Amino acid sequence: MIKPQHLAGQFIAYSAFAVMIAYFASSPPYQHHPQESALVRLSLTHAGQRVGDCKERSPDELAKLPPNMRAKQNCGRERNQVTLEMDIDGKTVYSQTAKPAGLSGDGRSRFYDSREVPAGRHVIRARMRDGGKPDGFDYDEQVEVELAPRQVFVIDFDEEDKKLSFE
Amino acid sequence: MSNPIKSALRAGLFRVESGWDTLVGRESNPMYCLGAMSWFFFWVVGASGLYLFIPYDTSAARAWGSIEHISREQWYWGGMFRSLHRYASDAMVLTMMLHLLREWLMERYHGARWFAWFTGVPLIWMVFSSGITGYWLVWDELAQYLAIGTAEWLDWLGIFGQSIARNFITPAALTDRFFTLLIFIHIAVPLFLLFAMWIHILRINNVNTNPPRQLIIGTALMLVALSLLHPAQSHPAADLGKATAVLNPDWYFMALYPLYDKQGPAIAWTVSIGASVFLCLMPWMALRRKRRPAAVVSPPNCNGCGVCTFDCPFGAVVMRPRNDESGHAQIAVVQPDLCTSCGMCMASCNRTNPFLPHEEPRQTGIDIPDFTFDLIVKRISARSHGLVGDNRVLVLGCEHGAKLDHMKGPSVGVLELQCTGALPPSVIDYILNKDLADGVLVTACRPGECFYRLGPEWTELRLKGERVPKLRGAVPRERVKLSWAASTETKGLMTELAEFRVALAELPKQVRPESTKRRVAE
Ligand code: HEM
Ligand code: SF4
Ligand code: SF4
């Protein structure tokens with residue numbers, strides 16, 4: 001049984017326990033992104049162009065292959081690495097080259113970035129190289145946007161229309 | 001024994017615990033059963049979680065609304081369960097971390113005891129993943145923050161075929177399937193956790209997974225009151241088109257997230273994996289502490305009674321079938337890997353009795369090589385030799401408790417054992433019977449603060465005659481005193497000793513037959 005002299009002590013101890021739990025369960029508050037900033041998020045997965053062109057196999061070569069693998073063409077599976085750059089208001093803030101995923105280098109290249117920008121008007125430009133050319137970009141798009149506070153502005157690649165997209 | 005900072009911290013812990021005892025009573029002090037408290041909170045979380053599963057709507061569009069509905073319309077019932085679920089989880093993190101800290105301070109993690117420590121580390125990860133996925137289910141702004149942060153953090157590893165963070169790029173990308181997966185994880189991880197909690201205590205004998213009833217009732221009432229007075233709230237519903245700004249995180253679960261925000265995934269991974277690996281390796285970093293030799297069974301002296309297996313706190317003694325001429329069906333076998341050399345088995349064996357006819361040195365069924373029963377009896381004789389006065393006292397205690405050396409005097413002899421649990425009650429009988437002293441003061445660490453486990457508990461039950469081996473009923477109880485004293489309570493123990501000696505002086509002198517007068521064995 002609880003002894004009378006412990007009753008008050010228990011009340012204090014349990015209250016302290018409760019306050020301890022309740023307080024740190026939601027306080028102190030934490031400022032993640034500043035209230036007045038917008039967020040530019042870039043999330044993009046894209047498969048680079050194939051490295052080699054396809055070659056026709058000669059009848060000789062075909063005959064050497066097991067019957068279930070006698071495809072007319074021999075295509076390299078390996079893909080080019082992809083380079084992606086982003087400028088905000090004329091300054092390059094992101095520039096990355098990503099290898100294709102997968103052991104045989106035949107997967108997609110992955111890009112991800114998330115950065116705060118002050119709310120207001122910005123010129124955002126993204127460009128991407130997915131072929132074998134050493135310079136120049138295969139895709140290059142630019143928009144001018146008015147970003148509201150806490151707005152999330154997303155840059156992606158639209159695989160259907162084959163262009164960089166902004167939303 | 002350990003470094004001075006740790007000793008100071010441990011002394012601080014003992015002071016806090018005894019202060020707390022004074023405030024609430026021993027039975028209601030959670031510090032002695034933090035592991036059991038974590039179990040209790042686990043059950044509360046599990047039960048309230050089962051209930052919450054009913055109203056929860058597993059879809060991106062309606063998840064937030066379904067939780068908000070019970071919190072508002074049903075605050076007295078569904079809302080209360082929600083709050084119980086949250087606060088009991090927080091409490092579990094709190095007691096688990098205190099438990100970790102306390103086991104470390106009490107040096108209960110190395111040597112033969114590595115197993116509980118080592119298997120405790122994954123529990124932290126499981127508790128945290130359960131909590132984070134739970135907050136995620138609410139699908140409010142905090143959930144959005146956790147979802148994106150966690151996904152980015154996991155994506156950095158590059159081991160998942162697809163980017164998880166891409167699921168949270170636009171509202172359109174988020175599917176109901178994802179929430180089904182999430183609730184599956186949120187149920188599966190705690191089930192694994194339960195299994196892992198069971199593994200965690202597998203090697204511990206007489207394990208305590210239930211706090212005292214008082215504490216259960218008090219804590220349950222506290223949680224219910226807290227849930228009604230300060231119910232758990234959601235943030236505004238998640239909106240992937242809107243960046244998260246001011247949040248009220250549950251710091252019990254989310255303390256690492258700001259580190260990720262500020263320092264990026266590489267540092268966050270290094271810290272979390274690094275800390276876990278460090279924790280896992282800690283038992284072996286303490287290896288320079290020398291490990292004492294394990295208990296040894298003496299087959300000719302073991303009659304297979306099995307008492308030592310009940311008393312060993314670590315399940316290190318097991319009974320095995322025996323086929324020899326002894327005529328006994330079983331024999332005790334020590335598993336040296338599990339043995340901490342505490343000596344409680346030695347004290348529990350019915351052969352550990354100084355009155356029995358014996359050879360030199362004295363044998364018993366199970367003994368500790370570096371602190372044998374024979375040594376105990378010889379030291380008892382030596383330490384009582386030359387004591388003068390008619391209130392001579394032998395103080396028997398433990399090297400982890402109060403400093404006994406301070407108590408030595410012309411009429412006071414002391415003997416420190418590795419644990420008071422290693423004191424066979426028959427030795428007390430022997431001391432009084434052979435007139436080696438007029439009284440015996442037995443001291444041990446307070447229950448729950450044993451460097452091993454259960455030493456004080458077994459001692460108390462044996463002296464009260466409630467557990468074998470019992471202190472014989474004929475032993476004059478007014479000449480035997482049991483006093484708890486932590487290492488910080490030497491002064492208090494000295495006061496008790498002085499009082500005991502005053503009481504002894506007032507007792508009528510014991511008359512005993514000439515034949516049992518003092519004999520010196522050494
Ligand atoms: C879900 C969280 C946990 C629960 C429910 C739990 C529960 C328990 C229980 C019930 C005991 C037995 C106490 C006794 O009867 O003496 C125990 C012992 C122990 N636990 Fe935990 N524990 C948890 C987490 C941890 C963690 C994170 C660590 C450290 C990394 C840890 C380390 C230990 C150690 C060292 C012992 C003592 C073993 C011994 O005395 O040899 N535990 N735990
Ligand atoms: S000394 Fe005996 S009681 Fe202690 S751990 Fe070893 S076998 Fe168990
Ligand atoms: S208590 Fe002694 S006699 Fe009994 S099983 Fe253990 S070692 Fe053998």
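All figures in this text were calculated on a predicted structure; none of them were measured in a lab. Reminder, nothing fancy here: chain letters follow the sequence lines and each chain counts from 1.
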Hey, which of A:I21, A:L39, A:L44 has the most heavy atom pairs under 4.5 Å with chain B? A:I21
Residue, of B:G241, B:A255, B:S89, that accumulates the most heavy atom pairs under 4.5 Å with chain A: B:G241
Least distance between heavy atoms, A:R41 atom then B:F168 atom: NH1-O, 3.0 Å
Report, as yes or no, whether the 6.0 Å neighbourhood of atom NZ on B:K262 holds more than 12 heavy atoms from other residues, nucleotides or ligands. yes
Is it the case that more than 12 heavy atoms not belonging to A:K162 sit under 6.0 Å from its NZ atom? yes
Between A:Q5, A:R108, A:Q151, A:H33, the one whose heavy-atom pairs under 4.5 Å with chain B are most numerous: A:H33
Let me confirm one number: the CZ-OG1 distance from A:F17 to B:T219, rounded to the nearest 0.5 Å. 6.0 Å
Tell me whether A:R121 at atom CZ has more than 12 heavy atoms from other residues, nucleotides or ligands lying less than 6.0 Å away. yes
With rounding to the nearest 0.5 angstrom, report the OH to CH2 distance, A:Y23 to B:W251. 10.5 Å
Side chain, backbone, both or neither: which part of A:F24 has a heavy atom under 4.5 Å from chain B? both
Quick check on B:I217 against chain A: is it the side chain, the backbone, both or neither that has a heavy atom closer than 4.5 Å? neither
Other residues, nucleotides and ligands only: do more than 12 of their heavy atoms fall within 6.0 Å of CH2 on B:W269? yes
Most heavy-atom pairs under 4.5 angstrom with chain A, which of B:A165, B:S28, B:P258? B:P258
Interatomic distance, A:Q10 atom CD to B:M222 atom CE [nearest 0.5 angstrom]: 12.0 Å
Spatial distance of atom CG (B:L94) from atom CE (A:M20) [nearest 0.5 Å]: 5.0 Å
Engaged part of A:E167 at the chain B interface, taking heavy atoms whose separation is under 4.5 Å: side chain
Sort out for me which residue in B:D261, B:N248, B:T244 forms a side-chain hydrogen bond (donor to acceptor under 3.5 Å, both in side chains) with A:Y30. B:D261
At a 4.5 Å cut-off on heavy atoms, which part of B:N29 comes close to chain A: side chain, backbone, both, or neither? neither
Okay, B:Y145 and chain A: the region with an atom under 4.5 Å from a heavy atom over there is side chain
In short, B:E152 meets A:S114 closest at the heavy-atom pair OE2-CB, 4.1 Å
Assert top hit (heavy-atom pairs under 4.5 Å, partner chain B, pool A:A13, A:P29, A:A8, A:A25) equals A:A25
What distance separates B:R86 CZ from A:S26 OG, expressed to the nearest 0.5 Å? 7.5 Å
Could you report the tightest heavy-atom contact between A:Q35 and B:V246, atom names first, then the distance? OE1-CG2, 3.6 Å
Criterion side-chain contact (heavy atoms from CB on, under 4.5 Å) against B:I169, the qualifying member of A:I155, A:V154, A:V152: A:V154
State, to 0.1 Å, how close A:P28 and B:P249 come at their nearest heavy-atom pair, and which atoms those are. O-CD, 4.0 Å
For B:L23 and A:H6, work out which heavy atoms get closest and say how close. O-CD2, 3.5 Å
Between B:I148 and chain A, with a heavy-atom cut-off of 4.5 Å, which part of the residue counts as in contact: side chain, backbone, both or neither? side chain
Among the listed options A:G107, A:P149, A:S43, the residue most often paired with chain B at heavy-atom distances under 4.5 Å: A:S43
